[in-house]
Amino acid sequence: MNNVTHDVIIVGGGPAGLTAAIYTSRERLDTLLLEKGLCGGLPATTDLIENYPGFPQGIKGMDLMNKIKEQALRFGTNVIEFKEVKRIAPAGEKIKVQTDEEQYTAHAVIVASGSTPKKLNIPGEEEYQGKGVSYCVTCDGPLYADKDVAVIGCGNSGLQEGEALLKHVKSITFIEFLPHMTAEKILQERLQESEKTRFLLNHMLTSINGDTQVNSVTVKNRQTGEEEQIKVSGVFIYAGFSPKSKLLEGIVELDSSGYIKANENMETSLPGIYVAGDVRSKKVRQIDSACADATIAAISARDYIRELA
Amino acid sequence: MASENVQELTESDFDNIVAESELPVLVDFWAEWCPPCKILSPRLENITKKLKGQLLVGAVDVGENPNLAAKFNVTGIPTLIFFKDGKAHTTIVGAVSEEEILAAFNKLK
């Protein structure tokens with residue numbers, strides 16, 4: 001444990017955390033950013049990002065995140081990677097941030113811990129993880145050259161990653177629980193034009209089957225109740241996300257799904273603790289909306305620290 | 001991935017090195033394009049230090065060596081496979097913790 005009190009501790013090195021760091025560091029606030037793995041967040045596992053302004057031809061997720069990290073470092077943010085925050089709690093007027101081995105203290109904390117791909121909790125999902133079940137096209141897509149695969153979920157993530165996957169595989173069956181797709185229209189159009197894709201809307205994935213590796217999935221038509229078995233070697237799951245908010249459970253107010261509640265200034269229910277990005281309770285979760293949250297959180301934190309002084 | 005104490009293995013030398021090793025071998029199947037593989041890498045480097053003289057640690061780039069990935073049914077990376085007496089023994093998938101790797105090693109004995 002050290003006795004230094006930082007101005008701001010930022011939890012998470014994705015788009016929100018790094019953007020908050022740019023702003024607080026430019027305010028000359030002593031900023032410490034703690035990231036449990038490597039900086040980059042979810043976009044680092046995204047192939048091509050086409051809807052982030054300023055890159056007319058799109059930009060690789062990893063490249064964008066490296067640039068944002070470089071920008072934060074340029075203004076003096078102290079970034080520590082491989083440092084997982086376990087708990088955040090108030091300590092008088094300060095806030096304690098606990099990792100496995102250390103305890104840090106700050107006047108203000110910005111939580112940008114993000115979210116993690118949601119598990120479907122269906123038979124075969126756990127058993128075949130890494131044996132045909134994947135949550136990362138960027139990582140595992142190239143290992144499915146010329147194979148038939150399924151992508152679960154027709155939101156932006158599913159279709160965007162599905163498009164990257166098309167370069168490798170023989171065919172993709174997209175399976176969507178809702179009767180319609182929620183992904184951007186342009187993505188829907190491009191993927192529907194491909195001869196290698198097939199769409200099963202209003203279908204529920206009921207099981208993932210195989211021997212030592214996945215060899216099929218079972219889907220149920222939600223309207224007729226009819227079941228169908230589809231031969232695939234791989235299943236890529238993009239069925240939404242779960243918040244990484246455990247570190248604040250019982251400390252600040254969460255919504256019924258576990259996302260952290262905040263007002264328009266990104267203030268949580270506890271003074272000095274701010275939230276930004278995917279872990280915040282809200283409707284839209286995009287890179288630029290995460291950056292917008294982070295900008296607001298950083299400026300709110302700055303004003304809060306000023307008033308303390 | 002290969003690093004100071006993690007030996008690079010390829011399709012041409014894999015069989016010899018793994019079969020002839022007197023120590024059990026832990027092989028990391030990874031690729032440059034895979035962010036979780038980079039998270040696992042420093043943990044493996046620590047493992048080599050903790051288990052020096054007890055375990056040989058190698059890395060196979062699945063992008064460069066697709067036949068090795070196919071041979072061992074690697075369809076998700078990072079994948080770690082322990083080999084004992086030249087035979088695949090235990091498989092772990094994902095950027096797991098050092099503790100999980102150590103536990104798997106201890107079960108191997």
Side-chain angles (χ1 to χ4, degrees), chain A residues 13-14 35-48 60-63 65-66 81-84 100 116-117 125-147 149 164 167-169 208 210-215 232-237, chain B residues 1 3-4 11 26-50 59-82 87-102 104:
Chain A
E35 158 59 44
K36 80 174 171 64
L38 288 165
C39 284
L42 274 182
T45 59
T46 302
D47 185 54
L48 191 68
K60 292 268 181 195
M62 186 75 101
D63 294 345
M65 295 318 299
N66 283 339
E81 295 179 320
F82 296 105
K83 197 64 87 180
E84 183 171 8
D100 269 333
T116 183
E125 185 184 21
E126 184 83 32
E127 187 186 345
Y128 291 111
Q129 196 170 338
K131 296 171 191 160
V133 173
S134 172
Y135 302 85
C136 179
V137 164
T138 303
C139 311
D140 303 333
L143 299 166
Y144 290 86
D146 297 320
K147 303 264 191 245
V149 301
K167 288 181 269 186
H168 307 289
V169 299
I208 299 169
D211 37 51
T212 55
Q213 297 276 322
V214 168
N215 58 28
V232 291
S233 310
V235 186
F236 290 84
I237 299 176
Chain B
M1 65 190 83
S3 61
E4 196 187 338
E11 280 166 10
L26 174 60
V27 181
D28 170 26
F29 291 83
W30 72 284
E32 186 56 44
W33 61 69
C34 156
C37 298
K38 291 176 185 161
I39 290 174
L40 184 65
S41 187
R43 295 179 191 161
L44 280 181
E45 190 60 36
N46 285 341
I47 292 285
T48 64
K49 285 170 192 153
K50 283 185 183 159
V60 170
D61 181 339
V62 300
E64 303 282 327
N65 304 281
N67 294 329
L68 279 178
K71 184 176 174 186
F72 295 104
N73 278 331
V74 173
T75 51
I77 51 173
T79 285
L80 295 172
I81 305 180
F82 280 97
K87 291 196 181 76
H89 199 277
T90 314
T91 301
I92 313 174
V93 181
V96 294
S97 66
E98 273 177 58
E99 289 74 30
E100 281 172 83
I101 301 169
L102 286 172

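This structure is a prediction, so every number in the text was calculated from the model and none was measured. Proteins come first, then strands; the chains are lettered A, B, ... in the order of their sequence lines, and each starts at number 1.
Residue-environment remark: NZ (K87(B)) stays at or below the threshold of 12 foreign heavy atoms within 6.0 Å. Counting heavy atoms of neighbouring residues, nucleotides and ligands inside a 6.0 Å radius, atom NZ of K83(A) exceeds 12 of them. Atom CD of E126(A) sits in a sparse spot, with 12 or fewer heavy atoms from other residues, nucleotides or ligands closer than 6.0 Å.
Atom CD1 in I39(B) sits 9.0 Å away from atom CD in E81(A) (nearest 0.5 Å). Atom CH2 of W33(B) sits about 15.0 Å away from atom OG1 of T45(A), to the nearest 0.5 Å.
Within residues 71-79 of chain B, the residues having any heavy atom less than 4.5 Å from a heavy atom of chain A are, in residue-number order, N73(B), V74(B), T75(B), G76(B), I77(B).
By the 4.5 Å heavy-atom criterion applied to side chains, C139(A) and C37(B) are not counted as neighbours.
Heavy-atom distances place both the backbone and the side chain of T138(A) under 4.5 Å from chain B. With a 4.5 angstrom heavy-atom cutoff, Q129(A) touches chain B only via backbone atoms.
For chain B, the option among P142(A), A44(A), G234(A) with the highest count of heavy-atom pairs below 4.5 Å is P142(A). When the candidates C34(B), P35(B), G63(B) are compared by the number of heavy-atom contacts under 4.5 Å with chain A, P35(B) comes out ahead.
Counting all heavy atoms, side chain and backbone alike, L38(A) lies closest to K38(B) at CD1-CB, 3.5 Å.
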